[in-house]
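To start, the structure itself, in structure tokens.
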Amino acid sequence: MKKENFLLSATKTGLVGGAIAIFLCLIGMVEIFNKRDVIQGIVTLGQFVWLATAVGAGYTASQQTSHLLNGKKPAQNLTAGALAGFFSAALTAFLVWLGSQTDLRAIFINASPALYELLTFGKGLAGLPQLLIIGIISGIVGATFTLLPKAVQRPLLHALMMLIFMALFSGIFRVVMINQGNKWETLAKSIFSQTGLTQLGGWIFILGTIAISVFWSNRGEAVKASMARMPSKGKLSLRILVFLIIAVIALGLPQVSGPFIAQVIVIISLYILMGLGLNITLGFAGLLDLGFVAFFAVGAYTVGLLTSYGPFGLQHISFWVAVPIAVLVSMAFGAFLGLPVLGVRGDYLAIATLGFGEIIRLLAGSDFLAGYFGGPQGVIGIQKPCLGVLEPFIKLDTPRICDGIEIGQGAADHFLAGPGGIYYLAIISALLIAFVAWRLRESRLGRAWMAIREDEDVAEALGVNLIQTKLLAYILGAAFAGLGGAIFSVLIGSIFASSMQLLVSINVVALLVVGGMGSIPGVIVGAIALIGLPELLREVSEFRYLIYGTVLIVMMLAKPEGLWPSQATKRELHHETSAQGGD
Amino acid sequence: MRATFSERLVDLAVNIFLWGFRILIVAIIIIGTFFTIREGKYTSEQWIDFIVFGISQGSIYAMIALGYTMVYGILRMINFAHGDIFMTGAFGAYFTATWLTKAGFVDANPFLGLLIPILVAMAVSTLIAVLVERIAYRPLRGAPQLVPLISAIGASFFLEYAFRGFFGPGKYAYPPIKALEGTWEIFGIGILKVQVVVAISAFIMMALLYFVVMYTKIGKAMRAVSENKDTAALMGIDVNRIIVTTFAIGAALAGAAGVLFALVYRQVDFFMGFTPGVKAFTAAVLGGIGNIPGAMVGGLVLGVFESVGPSLFLEGLGITRAYQLKDAIAYTMLVMILLFRPQGILGERLSKQKA
Amino acid sequence: MNKRLFALLSLLVIASMALAACGGTPATEEPAATDAPAATDAPAATDAPAAYECTDALGCVKIAAGEPVHIAYWGVLSGADGSLGEDSKRGVEIAIDDMGGKFMDHDILLTTEDALCTPEGGATAAAKLATDSSLVALIGSSCSDETVGGIAAISNAGLTTISPSNTRPALTAPDRGPDYAGYLRTAHSDAFQGKAVAEFAYNVLGVRKAATIHDGSAYAQALQQVFADEFAALGGEIVAQEAVAKDATDMRPVLTSIAAKSPEFIYYPVFVAAGGYITAQIREIAGLENVKMAGSDGIFTPDFVTAAGPNVQGMYLSSPDFSAFASGYASFVEKHNAKYGEAPLSIFHAHAYDAANIIFAALAKVAVVDADGTMYVPRQALRDAIYATTDFQGITGVLSCSASGDCGAPVIAVYEVVNSDPASWNPQDATNPNPKKIYP
């Protein structure tokens, strides 16, 4: 095959980069991110995003050049990078020019004067040459990067990643540190600005990361080797030490970080519970359930109705009694909704379960059943659980005293009143359920599920009772999700049918696949990546789902087996792709 | 192999439950219908209106469902982003139609004023669908079934929120075509002109599609690929080209459906594809996924159930505000039909390989 | 597997060291805004020079010289309802501009927290705000659901919030419970709005048979119920109360079902999408060609006129009465249009402006400045001062806050849409308003 001219290839890459840059400008990302800093006074997040397209184009063009010319040739590589950077910037310049000729805003609402001003450095069309020059320089920077030896590339890349990470999360770090007292406050204010990193902070993170990265690439092997040489007793004690440290962090975290981090971790834990539940029905038994939120809703509503002091509360019983009941009711629903679809396979099952999820949500929010579930007004006044074991199991009337404090009579509140306390409840539940799920997988039942997943007909022929095994998958999956719902209801203190959207079910399926199907650590990693990060990055909420969607696609392209796949999936996938090689 | 006593007991209980479930739903429908009709709240004209509204909604479902079903037939993949492809078409048509209306073109040539936006919508949808296929789906061929599904969900979010970024969260009002306002008398019944146009265009497009799939060379190739990709490739069929063609045809239909939707309901916004997308997927499954006439039947059945169901089944049972539960009826119908026919109305029994 | 495990563990070790270092201190220096603020007045007091001793029950916010006074807006800023929150946020921004961006030589810093118009979103936003000990007071939320989810965290953190746009009656009911200790609003309660529409329909339009539609949202369901009760109390007949799904598009079946009961008046206080579909389709239904339509503040936006199309002409919409607003409102709108290049997006910007100014006025009463220029804001005192607001000259009227948190001057008007072109939307226009006020 005749190889393409490298200049032509670089031009194409530059145009693709430019198209991405225009896309980012027109969806408003460049302008809105411009309010955030990466490093105060040096580069804003908006500028950073735009620069990234030009640098990326230069990098890619240079890589392709090396490929086309069978090796690195600095002059050509840099030329290609500059060309790609130029075309990348040229498209943006074209956008600005077009915007000055016609009112693009009639169609694209984000093609605003503020955007043009930003892109032309406030100089109008006269600023365009400057933009092109910056594009070329960025392209060359990207190309130069490919020419550097690996040992230099890696620390730089790490530093860049660290910088972005710290800049994005600066607000959270800043607030948490300020809460620790005066010394920490001074430190926080010198590293983090209100909207990003200070210059000092930027340098600390860049240089610090480079230092660690260089140290690790030089000495890492030695450290690993010394670890491997350690006697088994030493290893054990090291493990215990690490475990203890993790436990201490986990215990102390909400006290140090304040309620926000605790709240996010509770939400992650709830998704972990749902994910572990779906991991049984879908990951182990292969039954695709797109209406999993139904069981979450059942658990939440059961606890809500049993413990609420609002207008729809049935019995004001203790949370600790309501939870087992909620789990049992969820299990019953698991069986009830599982039974009709026992004979339904594949994607028919997906849509039937999706239907169930929607039916539950619609009924719970309907006026028809509003007398029982509150309809659109929801179930409110759900009491937070009391910790005391000696707390009466059935609390029928006021005044409600909880852990020695009369509930809600002042700012002081009992332990489990806020996310800081419910955090422990959620973490312990998630760990417990993870353990149960792990034991289940290793059990006879677990093997039966996996047999069904691999081949229903063969499993039946081998003596697996399809009806019972499938039903148990639904029932146990539902139980886990129901527990999640129960905790959710006391976390928020009120339940609305509008919280039980199809989107929740989709999120759970996505986190399972992104984490790695059938893998228990995968569920945890998936929940942190897909639920935790978006919650922490609240400031970019305009683009939350756009980024979410992009991440899903990129994840599937880059790691279709998931972030932490189970051994079986890894083997299987490897096998399949090699078989499909000729496709 | 012998089942133990307890196992047989469970099986028996399950069977009793399932039959009870079937009988219960059928009984609810019959009793509800009986009481509604006895009360005589609605005139027969109103019943006919309900059915006509259902058919026009159903034909839009059907057109979207065709795209789902075609892609599924060939790739065994749920193209979750299909509803959003429909949305992109509607946006393309909106800008064209607004421009044409402002220029006074639509009032002068109502037929072209309808046709040009439809063609633009089909072109936009096709372009985007082909891009999505190339970037997000093609590299995943041969991966486990759920991987392309998640990628499709990602594509769906991406399209929705990219369009939200471009055009904002607001609603756009699709310009009405003056010539299509008012009603036509057909067999003595007044039917809205738009709905007649929608039903007829939908029918023409579905007939064309059926013809293409059944009687042309490319259709034959599609069916061959759907049976077995590897064998088809051995027979000299360019599998990738056929798959792209399938996506393109499905997307073109969705784009056209987007225009018809905008004509009937007058609103265009970035999220408009989600609910119709889910409904169309339901319709495709209802009719038997992978089956083209099935998608048409499924769409129409779903549309009519949604429109007639709340008044006919629920009001008789004394359930107030029945239209809130319209979707619940649609999904209950779906489960019911799957209970009696797990493969959908016109679907064939799923063999192992296809499931 | 070992490699990955090792990487993970080493990461955790590093993280743990960092955090263990943080963890050492808080035993003595409790943050000022944790779950138990009663016990936390200590740090501000111990850190302060002897000149000022914080004795406030909820603790004090310490603002050193040169540091900004930090207030936050929380509400919906993204998604379909984003314009509601954006509108209020602008009201706050203008209030800050009017202060010259400064409060007693300190810059005013406004941050925002998106609460997504859901109870979970409200809870998460509130948790984040409760973590930030530099916050003085809040303005928000936009949707009542957000308040229901988040208010406990905010009250318990010692913060006080004034909502410019929550209209759910229960939020300021006398028995609303101690979680609402830190909650007030300048918006009107829907109890007033539903009543105004019912009186307008019965007395002015003279209709006797009315129907309602809601979209399953708490707002619409409650509002149409208030209307139905009031209308029936006046002697009218409610012939149908229907509901649709929030994402429904085909309204013809439900409208046909309503048409069978031949109402003269249909009230649908829903949001833009559903409202647009209903208005666009209603005239096509046999029997509803001449029915009178009415909606409420949820669709009092040009967006709705865009979505509804030509049928919107002659529709009635209820909203706060702009003409009853004080004279300051006209200059507010001028500033708004100059600053943002467009007319206000929704109807609660003025309420947000007033909410911010109530906070600044209360702040001026309670803030204490130390010898070295450090400012202290005692939180309980601030809260009490806000509740004690009386005869405040706001642009929405003269405001006095009740013990249950109602500060608004609930003057509701009914407007008629006189032009279906969204570009002509300008209810504040003196000569040519659209929609035009017709009642009272």
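Computed from a predicted structure; not experimentally measured. Here is the naming used below: chain letters follow the sequence lines, and residue numbers restart at 1 for every chain.
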I'd like to know if the side chain of C:H106 and the backbone of C:V69 have a donor-acceptor N/O pair within less than 3.5 Å. no
With under 30° as parallel and over 60° as perpendicular, where do the rings of A:F169 and A:F165 fit, or are they tilted in between? tilted
So, C:Y340 and C:E86: side-chain donor and acceptor under 3.5 Å apart, yes or no? no
Proximal component of [X], with respect to chain A [non-hydrogen, under 4.5 Å]:
| X | answer |
| --- | --- |
| C:A115 | backbone |
| C:A123 | both |
| C:A152 | neither |

Most chain A-contacting option - heavy-atom pairs closer than 4.5 Å, from C:T111, C:L77, C:T118, C:V148: C:V148
Contacting region of A:R174 [heavy-atom separation from chain C under 4.5 Å]: neither
Check each atom of A:S257 against the heavy atoms of chain C and say whether the ones under 4.5 Å are side chain, backbone, both or neither. backbone
For a quick test of your reading: what N or O donor-acceptor pairs under 3.5 Å do the side chains of residues 217-226 of chain C make, sequence neighbours left out?
from	atom 1	to	atom 2	distance (Å)
C:S217	OG	C:D215	OD1	2.7
C:S217	OG	C:A220	N	3.2
C:Y219	OH	C:D297	OD1	2.4
C:Y219	OH	C:G298	N	2.9
C:Q221	OE1	A:Q377	NE2	2.7
C:Q224	OE1	C:T212	OG1	2.8
C:Q224	OE1	C:Q241	NE2	2.9
C:Q224	NE2	C:Q221	O	3.1
C:Q225	OE1	C:Q241	NE2	3.2
C:Q225	NE2	C:D229	OD1	3.1

Just list the side-chain donor-acceptor pairs under 3.5 Å for residues 488-503 of chain A, sequence neighbours left out, or say none.
from	atom 1	to	atom 2	distance (Å)
A:S489	OG	A:A486	O	2.8
A:S499	OG	A:F496	O	3.4
A:S499	OG	C:E120	OE1	2.7
A:Q501	NE2	A:S498	O	3.1

